[in-house]
Structures are given as structure tokens and as C-alpha cells.
Amino acid sequence: MISYYNDGLKKVVGDEKISFDILQSLIKANPNTELIEQLHSEAYKSERYVAMKKQLPCVKPHGIFDIIPTKNKKGEVINTAVLKQLSGYLYFDIDKNKIECEVELYKEFILQEYADKICMLGKSVGGRGVFFLVKATGITKENFNEVHQYFREIVFKKLPIDTEALGIARNFIIPMDEKLYIDKSIEVDVSDCKINNENNKKGIKQYKKKEEERGCIVRDTLTSFITIDILLKKLRFKTAVDVGDADYIIKPVEFVQMFVPKVITDGKKHKTFRSMINHLMFLNPDITLFEVHSYINFINQNFTNDSPMGRTEMMRTVAAEFERITETGEKFVKTRIKKVHTNSKLSGKDRNIIANQQNGKLRKDNSFEIIEASIEVLIAMEMEVTPIEIFKTAKGNISLPTIKRHYKTVLEQIEMKKQAEIKTATKAKIVNKQNNTLYAIQGNSKRVSDRDLHDMTDEELGIVPWDVLRTKETIFKSQIDLHKEYGANRTAAIKLLEKNTERSVSFRFIF
DNA sequence: AATCTTCTCGCAACCGAATC
DNA sequence: GATTCGGTTGCGAGAAGATT
């Protein structure tokens with residue numbers, strides 16, 4: 001039983017008592033709903049707010065008290081509460097200023113950590129703070145203060161419990177909370193709760209100090225993680241590749257993506273969390289420990305199949321890895337070269353289709369290149385262009401069936417290119433009015449507009465008359481020799497040639 | 001991490017025509 | 001008539017990206 005005062009703090013008098021079952025009902029279905037709702041609309045701690053709050057009925061949760069009028073030093077008569085009988089419950093509250101998340105969420109957080117100790121948990125009368133009760137066996141008038149302190153500082157060390165009103169006779173304004181949490185079976189033996197344990201105190205101090213050194217305070221980290229929607233907006237989870245308005249772009253990018261398994265099973269949490277921290281820090285170089293804690297906390301709560309790692313353990317794991325990375329700079333992330341990047345505005349299915357098609361095309365283009373290079377060598381060496389010859393020239397860079405599949409298409413492409421070159425050369429010939437001369441085009445023929453064509457010299461166009469070219473015959477021959485020596489790799493052969501002669505010498509002949 | 005989707009490649013078997 | 005070679009086809013492997 002506990003003392004009950006119908007007139008509230010305004011007038012704490014009388015000897016009315018209620019049971020905890022009644023208290024529970026009063027909170028769940030508060031008869032003063034209207035007044036309390038009105039209170040919520042007032043500015044917190046404003047004059048009107050305080051006045052209204054004082055009118056609401058309250059209890060002394062720690063027991064039954066006699067209200068005895070006594071004289072103070074000045075000789076004024078004041079009411080003193082004298083303990084008659086302990087209720088066996090310990091009352092704690094947390095001020096709304098210490099809670100940054102939604103209050104129901106915070107209640108959940110408290111239960112996740114302390115459901116084995118708390119028998120009642122609800123919102124406070126202001127609607128934003130919380131209170132909770134611990135049913136304590138072994139509590140006495142003598143050990144009350146020490147036990148209460150023990151719970152505040154050691155058992156509930158993660159919670160920013162209000163220390164404004166600590167006395168045994170403290171009042172508790174009956175709040176309104178239809179979602180009040182009750183578990184009558186929870187009882188805690190407090191006989192051994194002694195504050196004289198120096199190691200404990202020291203441990204807490206050290207932990208706090210360490211946290212402060214890292215730039216965040218224990219209390220804040222533990223009570224008000226950044227909510228996930230804010231984190232999702234702020235943090236990067238994969239390498240950013242700007243595709244602009246295009247559906248996709250092709251660009252080799254060293255790509256990193258953080259992976260969040262749908263379910264992180266037991267035994268994999270440490271490993272997974274550590275990997276995630278590495279990715280987060282790699283992708284967000286300025287990320288703070290607080291942000292990492294907040295994010296991993298969210299994952300721990302939502303992706304562990306309802307069996308999250310203990311909060312302390314989680315915080316420790318995160319902090320340790322964060323420190324290691326900060327100190328060593330080593331971030332263990334798996335990067336890969338991603339070539340096709342699709343526009344995130346497209347649907348997942350479309351993006352997948354595009355990526356597959358483009359990757360297929362890249363692969364095919366590569367085969368085409370190998371085949372084309374081999375064919376060019378064969379032509380230069382005046383050999384027959386057959387799949388088997390191409391295969392031999394390609395020296396294992398491509399399989400025979402693939403060559404058979406594509407070589408005709410490649411031949412067509414080569415033919416088309418040649419036609420284009422002839423066109424350019426013909427144009428150039430007309431421009432130069434040297435119709436009876438044999439020309440060669442050095443390197444790849446240039447694509448120029450008709451207008452530019454008039455103004456460009458032969459040299460600029462890469463047009464070389466045969467007479468001039470003949471003097472370079474030795475170079476041409478040596479190129480073929482190199483092809484014979486090095487096979488299909490035309491680029492390599494030409495490069496070697498460049499090394500020897502210090503000039504670029506790829507020629508095509510136009511007849 | 002595992003799975004799905006889409007695509008190309010490589011392999012092997014096969015067919016038919018050309019060649020020896 | 002046997003062998004060689006070009007061309008086709010089915011099937012599984014593997015690559016890359018997206019999804020869950």
C-alpha cells in the first residue's frame with residue numbers, strides 16, 4: 001500500500017491509502033484525462049503548467065506516510081512526512097529532457113535491457129518522460145537510500161535517472177498511460193546491493209572517461225541514438241556514381257557496397273558488425289562514433305531475428321573497431337571494379353536487365369576485338385582468314401567456337417570500316433586534285449567535316465602518297481615480322497616497333 | 001550472404017561438304 | 001572412303017548486377 005493524496009502537491013495531507021492494483025488502474029484509465037491533456041498543451045514548466053500539475057492526485061510510491069505538522073527553525077508550521085510502512089517498491093524517473101527519441105520507443109529500449117528488473121513502466125504525467133518501479137525484497141528503512149543509489153548508479157547505470165527528488169517520501173503525480181507496462185512476477189532481491197564496492201565505482205568512472213575522450217558522453221549514447229531515418233539520409237552505403245540523366249553509363253569504378261544481411265544469426269554478429277563499421281567508415285570518412293553506434297544499434301535491434309546482442313556488448317564491439325580503424329587507418333572493405341552503372345530512378349528489374357545486357361555487350365566486344373586483331377594480322381601477313389587460323393593467331397585468348405560464332409560479323413565490320421576509309425581517302429584525293437596518285441592513310445582515317453576537309457593538309461589528314469610511303473617500306477615489313485613473332489597482339493607489336501623507330505607506324509593501303 | 005536474372009562463353013557433339 | 005574443316009546447337013559455367 002502507498003499513501004494517496006487526492007488534492008495533489010497543492011495540499012499533501014490526509015491518510016488515504018491505495019494498493020498497487022489501484023495505482024495501475026488509475027494510470028491506465030486516468031479519471032483526470034482532460035486535465036492531463038490540457039497540461040500537455042501548455043508550455044513545459046510554464047507557470048500555468050506547474051499550477052495545473054500541482055492539482056493532479058499524487059502518491060508516495062515508497063510507502064505509507066503520516067503527515068505530521070511540525071515547526072521548522074523559523075517557527076513556521078510545516079507538514080512533514082514520516083514513514084510508517086515501506087511499500088517494497090523503488091521508484092525511478094527519467095526527465096523528458098534526457099530522452100530524445102519517441103517515448104514509446106524509449107520504453108521499449110528500457111525493457112530490452114531491464115525487463116528482468118522492472119515490474120511497472122510508464123510515461124510520466126507530462127507525457128514525455130518515463131517512470132518505472134522495481135519490486136524489491138530485502139528493502140529496509142535503513143538501507144533504502146543506499147539501495148536506491150545502487151540501482152541508479154550500478155544496475156541502471158545506462159539510464160539517465162533523475163536525481164532531483166530522491167527522498168524516500170518523494171511524490172509521484174499519477175500519470176496517464178493506457179500502454180502501461182506491468183509484470184507482477186518480477187521481483188529483485190536487494191539485500192546484497194551495497195555501494196561500498198570501489199571497483200564498481202571505478203569501472204563506471206573509467207568507462208565514462210573513455211567515452212568522453214572519444215567525443216561522446218555515455219549518457220547520450222545510451223539514451224538517444226540518432227534515429228534511422230536521419231542516418232539513412234546522411235550516410236552513404238555504397239560508392240556514389242553519377243549517371244546524370246542517362247539510363248546507364250559505362251565506366252570502370254572501384255566500387256564498394258555495405259552489405260546488410262536480412263538476418264544476422266548468432267555467432268555472426270561480431271563479424272558482421274565489424275565489417276559494417278569498416279564499410280561505413282570507408283564510405284563516410286567523417287562519420288562519428290555516435291553515428292556508428294546509432295546505426296549498428298538499429299541493425300542490432302532489427303536484423304538479428306529478435307535476439308540482439310546485449311547493448312553493452314554491442315557498444316563495446318563498435319567502439320573497439322572504431323578505435324582500431326581510427327588509429328591504424330586500416331579499413332577492411334572488399335572493393336571490385338564495377339563497369340556498368342544504372343540510373344537509380346529506373347526500376348530494379350529494368351536496371352538489372354540493362355546491366356546484364358551491357359555486361360554481355362562488353363564481353364562480346366572483347367571477343368570481337370580479339371578476333372579483329374587476329375584477322376588484321378592474317379591480312380597483313382597475306383594469310384587465309386579462317387576460324388582455325390584466327391584461333392592459332394589469337395594464342396588461346398579465345399575459344400574456337402566463339403571465333404566461329406563471330407568471325408563473319410567481324411569480317412563484315414572490317415569491310416565496312418575499309419569502305420569508310422576509302423571514302424575519306426577518295427574525298428581527300430578530290431580535294432587535292434591528284435586523281436592519278438596512289439595513297440595510303442596513316443593510322444586510323446580521320447573523320448572530318450567537309451568544311452574542315454578543305455582547310456586541312458594531307459599531313460593533317462593522314463594521307464600519304466604512295467611515292468612517299470615507299471620509302472617507309474622497311475618499316476612496314478618489320479611490322480609484319482613483329483606480327484609473325486608476337487602473334488595476334490597487334491598493339492604490342494606496334495608498340496615494340498615504336499620503341500625501335502620512335503614513331504607510330506600503322507598503315508592501311510588504299511588502291 | 002545467398003539467390004535470382006540475364007547474358008555470353010566454352011565445351012563437346014554433331015552434321016555436311018570439301019579434301020586427301 | 002577417311003579425314004579435315006566450317007558451321008550449328010545444347011548445356012552448363014561464369015560474370016555482373018540487383019534483390020532480399
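All values derive from a computational prediction rather than experimental measurement. So you know, we letter chains A, B, ... as the sequences are listed, proteins then strands, and number each from 1. We use all heavy atoms of the structure for the numbers below, so side chains are in, but hydrogens, waters and symmetry mates are not.
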Expressed as a whole number of angstroms, how long is the span from [X]:[atom1] to [N]:[atom2]?
{"X": "Lys269(A)", "N": "dA1(B)", "atom1": "NZ", "atom2": "P", "result": "17 Å"}
{"X": "Met258(A)", "N": "dA1(B)", "atom1": "CE", "atom2": "C1'", "result": "14 Å"}
{"X": "Lys238(A)", "N": "dA18(C)", "atom1": "NZ", "atom2": "P", "result": "7 Å"}
{"X": "Ile299(A)", "N": "dA1(B)", "atom1": "CD1", "atom2": "C1'", "result": "15 Å"}
{"X": "Phe259(A)", "N": "dG17(C)", "atom1": "CZ", "atom2": "C1'", "result": "15 Å"}
{"X": "His341(A)", "N": "dG17(C)", "atom1": "NE2", "atom2": "C1'", "result": "11 Å"}

field: Phe156(A) ring center within less than 6.0 Å of Phe92(A) ring center
entry: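 Yes, they do, as the ring centres are separated by less than 6.0 Å.
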- prompt: Between Glu313(A) and His270(A), does any side-chain donor sit less than 3.5 Å from a side-chain acceptor?
  reply: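 Result is yes, a qualifying pair exists.
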- prompt: Which one of Asn278(A), Thr288(A), Leu289(A), Ile296(A) satisfies the side-chain contact (heavy atoms from CB on, under 4.5 Å) criterion with Phe322(A)?
  reply: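 It is Leu289(A), the one option of Asn278(A), Thr288(A), Leu289(A), Ile296(A) that forms the side-chain contact (heavy atoms from CB on, under 4.5 Å) with Phe322(A).
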